[in-house]
Amino acid sequence: MSVLEVLNERGFVEAVTHEGELKEYLEKNNATCYIGFDPTGSSLHVGHLVTIMALAHMQRNGHRPIALVGGGTGLIGDPSGKTEMRKVITHEQVDENKRGIKGQLSRFLDFSDGKALLLDNADWLTGLEYIPFLRDIGRHFSVNRMIKAESYKMRIESEEGLSFIEFNYMLLQAYDFMKLAKSHDCMLQMGGSDQWGNIVAGIDLVRRTQGKTAFGITFPLITTSSGIKMGKTHKGAVWLDPERTAPYDYYQFWINTDDADVAKFMALFTFMPMEEIKEVEALEGAQMNAAKAVLAYEATTIAHGAEAAQKAFEAAASVFGAPTIPEGLCGSSSIPRGGSGAVSAESVPSSSIDMSRLEQGIAAVDLFVETGLSKSKGEARRLIGQGGGYLNGERIDTFDQPISNGDFKDGEILLRAGKKRYHKIVA
RNA sequence: GGUGGGGUUCCCGAGUGGUCAAAGGGAUCAGACUGUAAAUCUGACGGCUAAGCCUUCGGAGGUUCAAAUCCUCCCCCCACCA
């Protein structure tokens, strides 16, 4: 089975250029392909996962993926799909972000022995000279055509407009492709559907300058079944950096997937075989929860390692109860089955507190604020007033209920806000 | 540079001297129902030493018993013209 089929089957493909030829190309060659990553943040997030997984599939099928960090283009900002101009970032930030990004990608890609590459387009873009660039590259672009591109249209029609530097983004990205085609024989670029215009521009440029056919694949924008762009939660992005999104929260993010999305996400964000995923589609009711646990476990394993996934699983089990995963379900997953014995909740956020203060008793509201479960006293008061505050599993009745060292159970006080947020206080 | 229109609480958006912590919607949070899902229903949604007080309506001043609302200056955005 070729990569293209794998990607297709798993729902990665939105559009492909020269489908037949690309298929042939991928079957005959150990191809090199690339995807660009914006170094605007120090961490990638779940929104990047589709592209990352696509690269991983490429590598697993014998091709060589290149993750291209836009250190040069990042200084400009891609207007595609954005309604407003992006902040320009500094070189130092880019360097720092690059390090973070590589670390995270290493979980998904094997960078050893040049099996995957991390390149930075700043290496060739920052040295460009204006006049030669215009003469050699600019002449291949038609403004008429560019302004018709979907990626620019929106901005051109917007109130804010499109700045000149952003307008040049397409040329630079096309230049990247051309450069990589020449230096690494990289003939395939992939990207989100908003990148279509940029990718096609690159393919064009490769053809005009080198007379070769390059290819492009775009991925669909993954939305949840409720139509929201996936990976954003009220708290902001779900990061791949464990410092920013703890593995436990990462795990929880996947657990909270909509029923309707579970199978889709399994196909996209795990390496589980499609036969098993098809079975998941048919699940109903509470069984779906078991499938979600598998999804969360697998996704967490990929992003943070088996150990972290195990811990997250156990922590979740200790607060929500261990899920029963039927034997027949998702056989390839190494998720613990049949309720593992000792469950620890060490991934639940915890803090310690000065014992002398506890002796006097601390009002519940204050404790909720101190532990970060509530942002302000008003919020804590509201929470408890509405019945959302719990102490060791018991609902707290009044907001000023004192909590003291008499409330320790097994050496800890377990506070809970609402259904899902916990905090442990240890002596 | 000229002319006109704007900047309101997380977002959109009403409000044009007191009745405004500011309509409505969205988002969010909690509760009920459930399966840590969705949908639905209910409630909350600036802060606090909480029937009271304090801080908010681009910024700084001013008028007034009283200003998001009126005046002055400034900053920013947008449209059209040049």
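Values below: all heavy atoms of this structure, side chains included; hydrogens, waters and symmetry mates excluded.
- In this entry the distance linking CG of A:Leu283 with C1' of B:rA38 reads 16 Å, nearest Å.
- Distance from the side chain of A:Lys292 is smallest to B:rA37 among B:rA37, B:rA32, B:rU36.
- Between B:rU34 and B:rA27, the two P atoms lie 24 Å apart (nearest whole Å).
- To the nearest whole angstrom, the two P atoms, one in B:rU64 and one in B:rC10, are 33 Å apart.
- For the 3.5 Å distance criterion, the side chains of A:Ser112 and A:Asp110 qualify, holding a donor opposite an acceptor.
- Here, B:rU28 and B:rC77 have their P atoms 32 Å apart, quoted to the whole Å.
- Across B:rA30, B:rA37, B:rA32, the shortest atom-to-atom separation from the side chain of A:Arg421 is found for B:rA30.
- For an aromatic pair to be called close, the ring centres must be under 6.0 Å apart, and A:Phe368 with A:Phe399 fails this.
- Counting to the nearest Å, the C1' atom of B:rU36 and the CG atom of A:Asn289 are 7 Å from each other.
- For the P atom pair drawn from B:rC57 and B:rG62, the interatomic distance equals 16 Å after rounding to whole Å.
- Atom CD1 of A:Ile384 and atom C1' of B:rG31 are 14 Å apart (whole Å).
- Using a cutoff of 4.0 Å between basic side-chain nitrogens and carboxylate oxygens, A:Asp204 and A:Arg145 are scored as salt-bridged.
- If you measure from atom CH2 of A:Trp254 to atom C1' of B:rA37, you get 15 Å, rounded to the nearest angstrom.
- A centroid separation of 6.0 Å or more is found between the aromatic rings of A:Tyr422 and A:Tyr390.
- The side chain of A:Leu383 has B:rC29 as its nearest neighbour among B:rC29, B:rA37, B:rU36.
- Base pairing of B:rC20: no nucleotide in any strand meets the Watson-Crick or G-U wobble criterion (both distances under 3.5 Å).
- In this structure, the OH atom of A:Tyr422 is 12 Å from the P atom of B:rA30, given to the nearest Å.
- Checked by atom type, the side-chain pair A:Gln173/A:Thr73 shows no donor-acceptor distance below 3.5 Å.
- If you take CG of A:Asp258 and C1' of B:rU34, they are 14 Å apart, rounded to a whole angstrom.
- Spacing of C1' atoms, B:rG59 relative to B:rC53, comes out at 27 Å, to the nearest Å.
- Comparing the same atom, P, in B:rA21 and in B:rA67 gives a spacing of 12 Å after rounding to whole Å.
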- 5' to 3', nucleotides 42-51 of chain B under a 4.0 Å protein heavy-atom cut-off (B base, S sugar-phosphate only, - none) gives -BSS-SSSB-
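- With ring centers used as reference points, A:Trp254 lies under 6.0 Å from A:Phe269.
- With both ends at atom C1', the span from B:rU42 to B:rG46 equals 23 Å, rounded to whole Å.
- In this entry the distance linking CD1 of A:Ile325 with P of B:rU36 reads 13 Å, nearest Å.
- Scored by the salt bridge (charged side-chain N to carboxylate O under 4.0 Å, His left out) test, A:Glu370 finds A:Arg357 as partners (sequence neighbours excluded).
- Searching all strands for a Watson-Crick or G-U wobble partner of B:rC57 with both distances below 3.5 Å returns nothing.
- A 6.0 Å sphere centred on CG of A:Asp410 holds no more than 12 heavy atoms belonging to other residues, nucleotides or ligands.
- With sequence neighbours excluded, the residues that form a side chain to side chain contact (heavy atoms under 4.5 Å, CB included) with A:Ala15 are A:Trp196, A:Thr218.
- Taking the P atom of each, B:rC54 and B:rU9 are spaced 22 Å apart, rounded to whole Å.
- Across all strands shown, the partner of B:rC80 is B:rG2, judged by Watson-Crick or G-U wobble contacts whose two distances both fall under 3.5 Å.
- The partner of B:rC70 is B:rG62, by the rule that a Watson-Crick or G-U pair needs both atom distances under 3.5 Å.
- Atom P of nucleotide B:rC29 and atom CG of A:Leu373 are separated by 14 Å, given to the nearest angstrom.
- The partner of B:rU28, taking Watson-Crick or G-U wobble pairs whose two distances both stay under 3.5 Å, is B:rA44.
- At the phosphate of B:rG31, OP1 or OP2 sits under 4.0 Å from a side-chain N or O atom of A:Tyr390.
- Among the protein residues, A:Arg395 comes within range of the sugar-phosphate backbone only, with heavy atoms under 4.0 Å from sugar or phosphate atoms but none that close to a base.
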